[in-house]
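Okay, so here's the structure we're looking at.
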Protein chains: 2
Amino acid sequence: MATNRPSGRLVKDELYGHFSRIGKAVAHPKRIELLDLLCQGERSVEVLADRAAMSVVNCSAHLRVLRESRLVTTRREGTRVFYRLADDSVCTFFGVLRDLATDRYAEVDRIVQDYFNARDGLEPVSRDELLRMAGDGDVVVLDVRPAEEYEAGHIAGAVSVPLDDLQARVASFPEGAFVVAYCRGPYCVLVPQALEVLRREGFEARRLEDGFPEWRQAGLPVAVGQESN
Amino acid sequence: MATNRPSGRLVKDELYGHFSRIGKAVAHPKRIELLDLLCQGERSVEVLADRAAMSVVNCSAHLRVLRESRLVTTRREGTRVFYRLADDSVCTFFGVLRDLATDRYAEVDRIVQDYFNARDGLEPVSRDELLRMAGDGDVVVLDVRPAEEYEAGHIAGAVSVPLDDLQARVASFPEGAFVVAYCRGPYCVLVPQALEVLRREGFEARRLEDGFPEWRQAGLPVAVGQESN
DNA sequence: CTCTTATTCTATTGTTCGTTAGAGTAGAAG
DNA sequence: CTTCTACTCTAACGAACAATAGAATAAGAG
């Protein structure tokens with residue numbers, strides 16, 4: 001009996017062929033960026049194209065690839081088509097992929113150090129620390145993502161102040177408040193910019209170690225829609 | 001202030017570019033098969049080419065891609081070059097990828113059902129069950145992988161009987177023994193073939209739910225080299 | 001030094017992928 | 001029915017990838 005009977009080879013080829021469908025789906029930077037955005041929640045093609053800085057046609061083509069790999073599904077609402085992750089396990093997979101890249105590529109860590117830590121200079125606040133602070137009640141939790149992302153889901157008790165509005169609204173914050181800002185994930189570029197504004201205005205501001213998807217996946221309290229505070 | 005400053009876009013492109021290096025590495029079925037083999041332990045180019053049913057030249061080219069993505073590293077010993085995973089986290093990533101594919105593609109489950117379960121007809125034995133049975137001492141644990149894979153690492157107490165030798169050596173097994181066979185992972189094709197032989201010879205034989213890498217990653221007892229039993 | 005083995009490099013060819021432009025479709029509003 | 005918006009499909013073309021053959025290299029044996 002040969003070690004690899006023909007049928008065994010055929011089965012293997014078919015199995016690994018399916019495994020590689022996932023690989024092909026995440027073999028392009030823009031598709032990974034789209035997955036990252038979709039880890040936040042459902043988004044329309046137009047919004048995804050804008051956030052990922054690509055043409056709508058090109059974005060649609062990449063989303064098609066993701067849909068054919070069954071990592072995302074769609075829902076039509078009027079003229080708009082909304083894409084979302086097919087399952088929460090896709091978000092988990094993205095997290096493992098991101099962590100592996102951080103682990104294997106020192107460059108990633110360098111980029112993060114240079115861009116994020118060099119800008120805010122302070123260690124990020126962990127999820128546990130934030131929960132403790134929130135229990136003590138002397139912290140403002142700031143969601144600096146665009147308003148519609150906040151409404152699709154945010155950390156319970158957080159205030160929505162999109163980065164573009166921050167400069168205008170920062171004056172209304174209680175004097176001497178301690179502020180913790182978060183956005184889409186550990187490498188989102190919105191928070192460093194927000195911290196810059198906040199510190200310039202004299203607030204003590206730190207960033208949450210990671211973003212909303214990680215918070216949600218950890219099973220911590222989230223809220224949807226507007227909050228009346 | 002614009003939501004996406006140019007520097008933010010550049011940083012994002014660089015980050016997602018690095019993330020996609022992992023994706024590109026696993027975008028080909030043969031490279032995934034090579035990673036799966038390397039999850040077992042270190043292997044030479046020749047052995048990998050044979051196991052994955054590809055030419056040595058082609059195998060070398062794919063290994064080069066994996067090495068450039070830093071998922072594997074090499075070690076030279078005489079004229080031979082040995083490849084191994086760069087880190088255990090690569091094995092974890094492979095597991096998550098495999099599970100996601102199983103989750104998302106019903107075909108994978110169907111293949112597994114058709115090929116594996118239809119052949120052995122019985123539920124696999126879980127790791128915990130096997131440990132309990134081993135404690136009671138009335139079970140033969142069979143490693144049906146090629147001898148050099150056994151020697152590179154195996155379940156402590158397991159007996160090495162490569163599939164090709166099984167027919168010849170099955171006669172020497174204790175009459176009426178209960179046999180649990182394992183190989184490379186949940187989808188390895190060696191075990192179903194082994195169970196077929198064992199049952200034909202009148203033994204009660206089941207398969208372990210998954211293979212050696214999962215056992216090792218679970219922190220359960222492993223051994224290296226020959227065992228004197 | 002030559003020969004052998006194991007592996008890698010180079011060049012070539014065919015195939016797939018990514019992007020863009022332009023046309024086409026589905027649904028809502030007038 | 002027409003018009004608008006949001007999205008998708010088709011075709012085209014350059015870029016990247018995969019497989020193969022043949023040459024080249026590195027290390028050990030004779």
Side-chain angles (χ1 to χ4, degrees), chain A residues 9 12-13 16-35 37-38 42-84 146 148, chain B residues 9 12-13 16-35 37-38 42-84 146 148:
Chain A
R9 212 351 86 203
K12 279 185 185 173
D13 286 346
Y16 290 116
H18 283 301
F19 294 170
S20 73
R21 293 171 65 185
I22 309 276
K24 285 183 216 288
V26 292
H28 194 286
K30 289 294 181 190
R31 285 201 291 270
I32 298 189
E33 185 164 4
L34 290 171
L35 279 184
L37 287 165
L38 291 170
E42 204 178 51
R43 297 278 183 283
S44 71
V45 178
E46 195 178 34
V47 168
L48 290 168
D50 175 65
R51 295 285 185 281
M54 59 205 299
S55 75
V56 171
V57 175
N58 198 13
C59 184
S60 176
H62 280 299
L63 287 168
R64 184 174 182 266
V65 175
L66 288 176
R67 196 183 49 202
E68 282 171 355
S69 72
R70 298 197 216 155
L71 295 185
V72 308
T73 50
T74 57
R75 176 177 69 88
R76 185 177 263 275
E77 193 180 299
T79 77
R80 233 164 281 224
V81 175
F82 288 90
Y83 281 76
R84 66 174 185 281
E148 82 263 17
Chain B
R9 212 351 85 205
K12 278 185 187 174
D13 287 346
Y16 290 117
H18 283 300
F19 295 171
S20 73
R21 292 172 66 186
I22 309 275
K24 285 182 215 288
V26 292
H28 195 288
K30 289 294 181 189
R31 285 200 291 269
I32 298 189
E33 184 164 6
L34 290 171
L35 279 184
L37 286 165
L38 291 171
E42 203 178 50
R43 297 277 183 281
S44 71
V45 177
E46 194 178 34
V47 168
L48 289 168
D50 175 66
R51 296 286 185 280
M54 59 205 298
S55 76
V56 171
V57 174
N58 196 15
C59 184
S60 176
H62 280 299
L63 287 167
R64 185 173 182 266
V65 175
L66 288 175
R67 196 183 50 201
E68 281 171 355
S69 71
R70 298 197 217 155
L71 296 185
V72 308
T73 50
T74 57
R75 176 177 69 88
R76 184 176 266 273
E77 194 181 300
T79 76
R80 233 164 282 221
V81 175
F82 288 91
Y83 281 77
R84 65 173 186 281
E148 82 262 18

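Small disclaimer: the values here were computed from a predicted structure and weren't measured. Here is how names work: the chains are called A, B, and so on, in the same order as the sequence lines, proteins then strands, and each is numbered from 1.
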**Request:** Ignoring backbone atoms, establish whether A:Arg76 has a side-chain N or O less than 4.0 Å from OP1 or OP2 of D:dA6.
**Result:** no
**Request:** Between C:dT7, C:dT20, D:dG22, spot the one nearest the side chain of B:Val57, thanks.
**Result:** D:dG22
**Request:** State which residues pass ring-ring contact (aromatic ring centres under 6.0 Å, His included) with A:Tyr83; sequence neighbours excluded, sorted by chain then number.
**Result:** none
**Message:** Any side-chain N or O of A:His28 below 4.0 angstrom from OP1/OP2 of D:dA16?
**Reply:** no
**Message:** Between A:Arg80 and A:Glu42 (salt bridge meaning N to carboxylate O under 4.0 Å), is one present in this structure?
**Reply:** no
**Item:** OP1 or OP2 of C:dT8 under 4.0 Å from side-chain N/O of B:Ser60
**Value:** yes
**Prompt:** Does a nitrogen or oxygen in the side chain of A:Arg64 sit under 4.0 Å from OP1 or OP2 of D:dC9?
**Reply:** yes
**Request:** Check whether any side-chain nitrogen or oxygen of A:Arg80 sits under 4.0 Å from OP1 or OP2 of C:dA26, and answer yes or no.
**Result:** no
**Prompt:** Within the pair B:His62 and D:dA19, is there a side-chain N or O less than 4.0 Å away from OP1 or OP2?
**Reply:** yes
**Request:** Using only side-chain N and O atoms of A:Tyr83, determine if any of them is under 4.0 Å from OP1 or OP2 of D:dT8.
**Result:** yes
**Prompt:** Of all the choices, C:dT7, C:dG27, D:dG28, which nucleotide is nearest to the side chain of B:Thr79 once you look at every atom?
**Reply:** D:dG28
**Item:** Salt bridge flag under 4.0 Å for residues A:Arg43 and A:Glu33
**Value:** no
